[in-house]
Amino acid sequence: MSITGTLIVQMIVFLILVGFTMKYVWPPIAKALDDRAQKIAEGLAAADKAKSELSAANKRVEVELGQARNESAQRLADAERRAQAIVEEAKGRATEEGNKIVAAARAEAEQQAVKAREALREQVAALAVKGAEQILRKEVNPAVHADLLARLQTEL
């Protein structure tokens, strides 16, 4: 065979090979490449979406943390105010109780002083009667002189 015939046969075989490849081999490869490109694009889109969701979640977490901090600071301030109010109330009660105790002690001291004065008056009256007895050298009858002794006690 001649070189021209060989060249023509090789061209025909090459064209058949190209046709066969284009019809049966190329479409599955192109489809696989397209599927792969689509999966990569979907993965990148999902990654971008997840990144934006993560950013939004981080912002929500920061907002909630700020609110929690504010709430805890407010609760702490409320607790401190309540404690201060309780302390003030306790001080008021203690002062009131102390005043009651002091008033009771004063009243009791005054009663004691009145009793002591009465006892002292009686003793002074008895001493005055004894002194008068000795001066007069006779006995003074308390029943007979009750009015006189009562006036003496009130004067003392």
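For clarity, every value in this text was computed on a predicted model and none was experimentally measured.
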Is it the case that over 12 heavy atoms from other parts of the model lie below 6.0 angstrom from the CD atom of Glu88? yes
Point-to-point distance, once rounded to the nearest 0.5 Å, from CD1 of Ile101 to CZ of Arg106: 13.0 Å
Given a cutoff of under 4.5 Å between side-chain heavy atoms of I, L, V, M, F, W and Y, with clusters grown through shared members, what are the other residues clustered with Met22? Phe14, Val18
Taking only residues two or more places apart in sequence, or in another chain, which ones meet Ile86 in a side chain to side chain contact (heavy atoms under 4.5 Å, CB included)? none
Can you pull the side-chain hydrogen bond (donor to acceptor under 3.5 Å, both in side chains) pairs that have at least one residue in residues 53-66, sequence neighbours excluded? none
Indicate yes or no: does Arg93 engage Glu97 in a salt bridge with an N to O separation below 4.0 Å. no
Only distances under 3.5 Å count here; give the side-chain donor-acceptor pairs of residues 26-50 to other protein atoms, sequence neighbours excluded, each with its distance to 0.1 Å.
residue : atom : partner : partner atom : Å
Gln38   : NE2  : Glu42   : OE2          : 3.4

With rounding to the nearest 0.5 angstrom, report the NZ to CD distance, Lys91 to Gln84. 6.5 Å
Working to the nearest 0.5 Å, report the span between CZ of Arg69 and CD of Gln74. 16.0 Å
Distance check, rounded to the nearest 0.5 Å: Lys23 atom NZ versus Ile16 atom CD1? 14.0 Å
Under the 4.5 Å side-chain heavy-atom rule for ILVMFWY, direct or indirect, which residues accompany Leu7? none
Once you round to the nearest 0.5 Å, how far does NZ of Lys51 lie from CG of Leu54? 9.5 Å
Are any non-hydrogen side-chain atoms of Gln123 and Leu120 less than 4.5 angstrom apart? yes
Tell me every residue that passes side chain to side chain contact (heavy atoms under 4.5 Å, CB included) with Glu80, counting only those two or more places apart in sequence or in another chain. Leu76
Using 0.5 Å steps for rounding, measure from the CG atom of Leu17 to the OG1 atom of Thr21. 4.0 Å
